[in-house]
Amino acid sequence: MSIRLRLTAWYTGILFVTLLIFSSAVYGFVHLYTYEELKQRIVKQSGEMELGTDGYEVFPSRDTADRLEAADLFMQTSTTERPTWRSDNMIFSEVQFDIPPADNIKKYDNKFTRMNINGNSFLVYQKALFKNPNQTILWLQIGANTRLIDQTLDRLQSILIMGSAATLVIASTFGLFLARKSMNPIGKVTEAAEHIQKGTDLSVRIEYDGPQDEIGQLIGTFNAMLERTEGFYKELEDAYAAQRRFVSDASHELRTPLTTIRGNVDLLQKMWTAEQGERMDMDDEMIKQISIEAVGDISDEAKRMSRLVNDMLSLARADTGQTFELSPIPLQPLVEEVARRAQFLEKTAEWHVGRLSVLNGVYVEGNKDYLQQMLFIFIENAFKYTPEGEVSLDAVLYKGQVGLRISDTGIGMDKDEVPFIFERFYRADQSRGVTAGTGLGLSIAKWIIDEHKGSVEVVTRRGEGSTFIVWLPVVFAPPLE
């Protein structure tokens, strides 16, 4: 059974019980009030009797009898054997009350009883009187025809039953209509969920312009969940695309050194396993020279692979959310050590170190080893892409941040390439295949900067060089002079 039918059934059942209780209460109060009023009139009339002259009869006065008949009350007096007096309306309508038996007076004395006479229902009050020395029992019986009252109560009962039935039908119909209307948004949620289950379109949203009740809150929560799921799905797709691109680029980068190593190994194997006659055109000195060159190539390619693997491991740590410990470190000794060691790097450009005294007393929350690695990445890149000219390093302080600036006068880049230079394995088209490298250095540098809650600013122009400014938040710095 659907929810809308269950809601309608519950609503109808509760309404049925309510109507049953209400109708029973109305019928019971009307029945009680009507008969109690009639009983009070009968009892009141029973006290207005007059004793007969012989002491054996009790009958009303003329005025009392007229009032009885006008009020549709019937009166009869009798002994235990026969009636002794009846009101005129009883004689006229040939009505006679049954005389109670004499063996159980207490059972009938001062009691009301129902009698059915000639197809009419009477409510009769009976009272035993002892009016002579011999304790002869005289019964006083006053009754009223309850046919009209019973008919009225029957009509009331029919009205209550029919009215309740009509109310149930109408209420059930409207209840089912309202339940369907209320559950329509739930149907939209189900359709959206089925649509998503059958396909991969997570952009589906449920349109709802109703009140923000429980249904509105449910639809709002469902739409928010779809939005977050769509975001996660897009991030997952981007991650899978980056992973596929990363594997493809890594395979490409590893294939070249492996091919070189395998070729040199095959050459050495052929030279050293060939017979003397097969290598008559090469003397031992030539074989030695070729072997040294091959071993050198193997060593260079092995170092290149080692750097690539180390860079990939660093990025793998970044992907897994691995962080490193940070502590306040003085920046001037760190940068001066990097500047000193940078002059021994392989380079063809001039190396200039600017004024680093502004870093005196400046502390940053960071990791010394990773900060040095980040600076060396930018400096090595500057040397790599500056075949002639100069590379410089200096520092600036600005609004609670320290900027480490690495500038070169090398080949530079187009501005539209800047957003991609921190992606893995990305290298500008002009440098790809010309300048050695793996394309992972700047990705690692960006991860280190992000872990230090810093940022990087890039200014570049094709043919004029590039400038990288690494901004780091300062935790302590002396006042500026």
Side-chain angles (χ1 to χ4, degrees), residues 1-39 114 116 119-121 123 145-238 240:
M1 183 182 293
S2 63
I3 295 179
R4 60 173 62 94
L5 292 179
R6 287 203 298 269
L7 287 175
T8 305
W10 274 101
Y11 170 78
T12 304
I14 294 174
L15 181 61
F16 172 76
V17 174
T18 304
L19 289 175
L20 179 63
I21 295 174
F22 174 77
S23 300
S24 300
V26 170
Y27 182 83
F29 281 125
V30 172
H31 185 281
L32 178 65
Y33 176 79
T34 303
Y35 275 98
E36 283 297 323
E37 184 183 19
L38 179 61
K39 289 179 180 179
R114 297 298 295 252
N116 196 320
N120 293 309
S121 178
L123 178 66
N145 192 336
T146 60
R147 179 173 58 85
L148 294 178
I149 295 177
D150 293 338
Q151 289 178 352
T152 302
L153 291 176
D154 290 341
R155 292 191 186 100
L156 176 63
Q157 185 179 32
S158 300
I159 291 173
L160 291 175
I161 292 175
M162 297 300 294
S164 298
T167 302
L168 282 176
V169 173
I170 296 173
S172 300
T173 303
F174 278 100
L176 182 60
F177 170 75
L178 293 176
R180 286 180 176 175
K181 186 175 181 180
S182 300
M183 296 301 293
N184 280 338
I186 303 298
K188 293 181 179 179
V189 173
T190 304
E191 291 178 2
E194 291 179 351
H195 182 73
I196 294 172
Q197 180 185 5
K198 294 177 180 178
T200 57
D201 185 11
L202 296 177
S203 62
V204 178
R205 297 294 183 271
I206 301 173
E207 296 182 1
Y208 179 74
D209 55 357
Q212 288 301 315
D213 50 9
E214 290 81 356
I215 301 296
Q217 294 176 4
L218 173 63
I219 293 177
T221 303
F222 188 78
N223 285 335
M225 182 189 67
L226 286 179
E227 185 174 355
R228 292 189 61 188
T229 304
E230 183 182 10
F232 291 151
Y233 187 76
K234 288 182 178 179
E235 291 179 2
L236 188 60
E237 281 190 334
D238 294 341
Y240 280 149

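We count residues from 1, following the sequence as given.
In this structure, a donor-acceptor pair under 3.5 Å is absent between the side chains of Arg147 and Ser121.
Between the CD1 atom of Ile170 and the CG atom of Leu15 there is a distance of 10.5 Å, given to the nearest 0.5 Å. From Ser23, atom OG reaches atom CZ of Phe16 across 9.5 Å, with rounding to the nearest 0.5 Å. Taking OG1 of Thr34 as the start and CZ of Phe29 as the end, the distance is 13.0 Å to the nearest 0.5 Å. Rounded to the nearest 0.5 Å, atoms CD (Gln151) and CG (Leu156) are 13.5 Å apart. Of the inter-residue distances, the one linking Phe232 atom CZ with Glu227 atom CD reads 11.0 Å to the nearest 0.5 angstrom.
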* To do: Please lay out, stage by stage, how Leu5 and Leu176 fare under the test side-chain contact (heavy atoms from CB on, under 4.5 Å).
  => CA-CA 7 Å; Leu5 292 179; Leu176 182 60; 3.9 Å; yes
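Contact record, Val30 with Leu153: CG1-CD2, 3.7 Å, taken as the closest heavy-atom pair. Between Leu168 and Ser172, the shortest heavy-atom contact is O-OG, 2.6 Å.
Side-chain contact between Ser24 and Leu20 is present, with at least one heavy-atom pair separated by less than 4.5 Å. The shortest side-chain heavy-atom distance between Thr146 and Tyr35 falls under the 4.5 Å cut-off.
Sparse packing is recorded around CE of Met162, with 12 or fewer heavy atoms of other residues, nucleotides or ligands lying under 6.0 Å away.
Using a cutoff of 4.0 Å between basic side-chain nitrogens and carboxylate oxygens, Arg114 and Asp150 are scored as salt-bridged.
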